[in-house]
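The chain is numbered in sequence order, starting from 1. Computed over heavy atoms, backbone and side chain alike; hydrogens, waters and symmetry mates excluded.
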Amino acid sequence: MTSAQSGFFISFEGIDGAGKSTHVDAFRGLIQERYPNKEVVMTREPGGTALGEQLRNLLLNAPMNLETEALLMFAARREHIENIVEPALAHGACVVSDRFTDATYADRKSVV
């Protein structure tokens, strides 16, 4: 890292139970150890904002059409980017997200 003011965004992707949360926590510790003055913003997708958490609850619990699910995911992502990711990056924070775009496109049926 060349500048104390430069922010960066890292997402951890994987299926449920793959150990993302364990790795996210360990990574946060490494960032804080290496860059003690760097703010680390932890977030998740879907979720991360009040509206995103409401949409997450719907996505996890309400039966719906696949296109509806995709639109709700993108709505939650837009809120997440606008209210969490972009502001944090603008003031130089490290944003660590439990899932982001790759999870949207992953075909869970292809995972053995």
Side-chain angles (χ1 to χ4, degrees):
M1 179 157 333
T2 58
S3 168
Q5 295 302 314
S6 61
F8 55 97
F9 179 89
I10 296 179
S11 69
F12 284 75
E13 305 287 343
I15 61 172
D16 289 339
K20 290 182 308 300
S21 296
T22 301
H23 285 90
V24 164
D25 289 341
F27 185 74
R28 178 185 193 164
L30 288 172
I31 292 296
Q32 290 175 325
E33 182 180 303
R34 183 154 184 187
Y35 305 102
N37 297 322
K38 174 71 72 183
E39 178 186 2
V40 180
V41 175
M42 305 299 288
T43 189
R44 67 179 183 176
E45 212 181 76
T49 65
L51 177 58
E53 292 299 326
Q54 291 174 8
L55 294 172
R56 177 185 182 86
N57 186 48
L58 284 172
L59 288 162
L60 294 175
N61 298 304
M64 65 186 72
N65 176 280
L66 286 175
E67 286 86 7
T68 303
E69 180 178 348
L71 290 169
L72 288 175
M73 279 293 299
F74 285 117
R77 178 166 299 134
R78 184 65 203 129
E79 285 292 308
H80 186 228
I81 291 169
E82 177 77 18
N83 294 298
I84 303 295
V85 177
E86 287 179 344
L89 292 175
H91 76 267
C94 168
V95 180
V96 180
S97 184
D98 184 339
R99 292 197 175 122
F100 197 64
T101 351
D102 292 341
T104 305
Y105 301 105
D107 179 6
R108 293 181 184 142
K109 292 179 184 175
S110 67
V111 176
V112 179

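- Ring centers of Phe100 and Phe9: under 6.0 Å apart, within the cut-off.
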Point to revise | Worked check of side chain to side chain contact (heavy atoms under 4.5 Å, CB included) between Met73 and Leu55 | key: CA-CA 8 Å; Met73 279 293 299; Leu55 294 172; over 6 Å; no

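- Side-chain contact of Thr43 with Glu45: a donor-acceptor pair under 3.5 Å is absent, judged by distance alone.
- Atom-to-atom distance recorded for Glu79:CD and Phe74:CZ is 15.0 Å, nearest 0.5 angstrom.
- Using a 4.5 Å heavy-atom cutoff, the side chains of Ser97 and His80 are in contact.
- The side chain to side chain donor-acceptor pair (under 3.5 Å) contacts involving residues 18-31 comprise nothing, where partners must be two or more places apart or lie in separate chains.
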Using a 3.5 Å cut-off and no angle test, enumerate the donor-acceptor pairs between side-chain atoms of residues 58-66 and protein atoms at least two apart in sequence or in another chain.
from  : atom 1 : to    : atom 2 : distance (Å)
Asn61 : ND2    : Asn57 : O      : 3.0
Asn61 : ND2    : Asn57 : OD1    : 2.6
Asn65 : OD1    : Glu67 : N      : 2.7
Asn65 : ND2    : Glu67 : OE1    : 3.4

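- The side-chain contact (heavy atoms from CB on, under 4.5 Å) search around Gln54 returns Leu51, not counting sequence neighbours.
- For Glu86, the salt bridge (charged side-chain N to carboxylate O under 4.0 Å, His left out) test picks out no residue, with sequence neighbours left out.
- The aromatic rings of Phe8 and Tyr35 stand perpendicular to each other, their planes meeting at an angle above 60°, with 30° marking the opposite boundary.
- In this view, Arg44 and Glu53 satisfy the salt bridge (charged side-chain N to carboxylate O under 4.0 Å, His left out) rule, not counting sequence neighbours.
- Annotation: the span from Arg34 atom CZ to Cys94 atom SG amounts to 12.0 Å, rounded to 0.5 Å.
- Under the 4.5 Å side-chain contact rule for hydrophobic residues, Val40 and Ile10 share a cluster.
- Residues Thr101 and Arg77 form a side-chain contact, since some pair of their non-hydrogen atoms from C-beta on lies under 4.5 Å apart.
- Listed by chain and number, the residues in a salt bridge (charged side-chain N to carboxylate O under 4.0 Å, His left out) with Glu39 amount to none (sequence neighbours excluded).
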Practice item. Would you please test Asp98 and Phe12 for side chain to side chain contact (heavy atoms under 4.5 Å, CB included) and show each step? Key: CA-CA 5 Å; Asp98 184 339; Phe12 284 75; 5.5 Å; no

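- Of all heavy-atom pairs spanning Ala76 and Gly52, the tightest one is CB-CA, 4.3 Å.
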